[in-house]
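Comments concern the structure below.
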Amino acid sequence: MKKVSVVIPCYNAAGYLDKCIEQLLNQTIGIDNIEIILVDDASTDGEETRNLIRKYEEQFPNTVLAVFLEENMRQGGARNAGVFYAKGEYLTFCDADDWLLEEALEHAYDTAKKYNADIVAFARKETGERDVHVSLEKGSGNKFFELSEVEKKRKFLLNMDEEGYSSQNKLFRLSLLHEKHIAFAEHLIMEEPSFVLPVRLYAERYYYLDEKLYVYYLSTGSTLRSGDWEKRKWDNLQVWVSLIEDLRNRDLLFVYWQEIEYLFFTMGLGWSLAMMFQRGCILNGEEWKIFANIVYQMIPTIRENPYVKKESHPFNQAWNSLLLAVLDMEFSDADVAAANRAMIESAQAFSACPVF
């Protein structure tokens, strides 16, 4: 068994995939201890990405596995395909335009083994330069979470400090993913929580390694920065609606309902609106009605949620109050215009909205 499987979704990635792969081939954990699964997500660049993937598989047949999808599934679907084929003890994800420091897999795997962790999360470093050399940076915030008790798990679910809900900068125990049939939402962007929240609910041992091992490339053409937000603006909310149904089927809602309800309110509803309005989207009256109906259907008791009531951060208080206020409007033209103005002003200050 390989120590670590690395799944890389590839869509028209021929222009930058080399950097990602070379960093993996030079991992200090040793090439014999890793498998690299390159999933071509039905690229449309005239076989350039597919040919590059084939080249790496031919050069490193004991390390690289090429998987070709006939239909574009977006990153969630491509990652699911990679998880299906993975055979390592642990698994991690890397986007094709990002890369891992050469020490990343060794440090994360050794930590996982030392603490018998289901998940090891590690820090990220952002860069706008692809050819830059990034040295390892270590912090002093290493932290271990033992999560077998319900009260500890409740607190942990709302913890956003230790790289909570992104998937790329984590090492996951592969047997847990297979045993619990955990998968990403497909055909949607902002799919990360559909995978990470169930893993966090099942995980019993989680370690945060305060080392910047994942390099996140700030590309102007990435999924979250491209200009197709008008047609993708509801994706995040769709992910969360599907996620709630998934958790209901898993019988995970009852014990942790207040925490999940608050996450749906903040990450599902709040982040959706923040990202829409940050990118210039405006909602009409019918769209605001749809939004309100989703709230009433999915989380009808949100006003009584203890985390909403006890929120102490001034900005979060104001933002939550604004979200609740738009639910009370009568959807007249004046109400809709006022709601849009308030959202535009507040979304610009919404610093808690992450880029996954």
Side-chain angles (χ1 to χ4, degrees), residues 1-41 43 48-68 75 78-113 119-127 129-137 163 166-174 177 209 211-219 222:
M1 178 186 289
K2 300 275 189 172
K3 291 181 177 179
V4 181
S5 299
V6 185
V7 174
I8 306 172
C10 305
Y11 179 74
N12 296 349
Y16 44 78
L17 182 60
D18 283 332
K19 173 81 172 185
C20 180
I21 302 302
E22 293 304 319
Q23 288 290 121
L24 291 173
L25 294 174
N26 289 299
Q27 287 290 305
T28 58
I29 197 173
I31 192 172
D32 293 336
N33 291 315
I34 65 174
E35 68 170 352
I36 303 169
I37 304 174
L38 303 175
V39 184
D40 178 75
D41 192 18
S43 293
E48 288 187 36
T49 296
R50 288 196 170 207
N51 289 338
L52 183 58
I53 289 174
R54 290 190 186 100
K55 182 193 79 170
Y56 278 114
E57 186 180 44
E58 291 170 0
Q59 287 182 331
F60 305 95
N62 296 321
T63 301
V64 177
L65 173 66
V67 178
F68 300 102
Q75 286 182 312
R79 292 193 189 109
N80 289 340
V83 173
F84 176 82
Y85 285 101
K87 293 186 169 38
E89 184 180 359
Y90 284 85
L91 175 142
T92 191
F93 302 101
C94 187
D95 287 352
D97 55 348
D98 300 336
W99 62 92
L100 290 160
L101 294 193
E102 293 178 358
E103 308 93 335
L105 298 184
E106 180 183 14
H107 289 197
Y109 179 82
D110 287 350
T111 300
K113 296 299 288 185
I119 307 172
V120 174
F122 39 90
R124 296 184 290 185
K125 182 178 180 65
E126 297 181 351
T127 181
E129 301 177 64
R130 200 176 298 283
D131 296 327
V132 67
H133 173 73
V134 179
S135 298
L136 176 61
E137 299 177 29
E163 300 289 343
S166 58
S167 66
Q168 301 97 318
N169 58 324
K170 290 181 177 62
L171 201 65
F172 301 95
R173 192 191 301 275
L174 183 59
L177 306 183
L209 181 61
E211 299 182 10
K212 294 185 178 181
L213 300 174
Y214 189 97
V215 182
Y216 178 76
Y217 180 67
L218 297 170
S219 169
S222 70

Residues Arg79 and Asp95 bridged, charged N to O under 4.0 Å:
yes
Roughly how far apart are [X] [atom1] and [Y] [atom2], rounded to 0.5 Å?
| X | Y | atom1 | atom2 | result |
| --- | --- | --- | --- | --- |
| Ile21 | Tyr56 | CD1 | OH | 6.0 Å |
| Thr111 | Glu211 | OG1 | CD | 7.0 Å |
| Lys55 | Phe60 | NZ | CZ | 8.5 Å |
| Asp110 | Ile29 | CG | CD1 | 6.5 Å |
| Lys3 | Gln27 | NZ | CD | 12.5 Å |
| Ser43 | Arg50 | OG | CZ | 7.5 Å |

Check whether any side-chain heavy atom of [X] lies under 4.5 Å from a side-chain heavy atom of [Y], and answer yes or no.
| X | Y | result |
| --- | --- | --- |
| Asp18 | Leu52 | yes |
| Ile8 | Leu24 | yes |
| Ile53 | Phe68 | yes |
| Gln23 | Glu102 | yes |
| Trp99 | Arg130 | yes |
| Val4 | Asn33 | no |
| Leu100 | Phe122 | yes |
| Ile34 | Leu25 | no |

Flag, side chain of [X] to backbone of [Y], donor-acceptor distance under 3.5 Å:
| X | Y | result |
| --- | --- | --- |
| Glu57 | Ala66 | yes |
| Thr63 | Glu35 | no |
| Ser5 | Leu91 | no |
| Lys2 | Asp32 | yes |
| Thr127 | Glu129 | yes |
| Asp98 | Cys94 | no |

Give the minimum heavy-atom separation between [X] and [Y], together with the two atoms involved.
| X | Y | answer |
| --- | --- | --- |
| Val120 | Ala108 | CG2-O, 3.9 Å |
| Ala96 | Ala13 | CB-CB, 3.9 Å |
| Leu171 | Ala112 | CD2-CB, 4.2 Å |
| Gly88 | Leu174 | O-CD2, 3.1 Å |

Report yes or no: do Glu89 and Tyr109 form a side-chain donor-acceptor pair below 3.5 Å?
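Yes, Tyr109 and Glu89 have a side-chain donor paired with an acceptor closer than 3.5 Å.
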Tell me, with the steps shown, if Asn169 and Leu213 meet side-chain contact (heavy atoms from CB on, under 4.5 Å).
CA-CA 8 Å; Asn169 58 324; Leu213 300 174; over 6 Å; no
Against Val64, only a single residue in Ile36, Val6, Ile37 fulfils side chain to side chain contact (heavy atoms under 4.5 Å, CB included); can you say which?
Ile36
Check the pair Val83, Phe93 against side-chain contact (heavy atoms from CB on, under 4.5 Å), reporting the backbone distance first and the verdict last.
CA-CA 9 Å; Val83 173; Phe93 302 101; 3.7 Å; yes
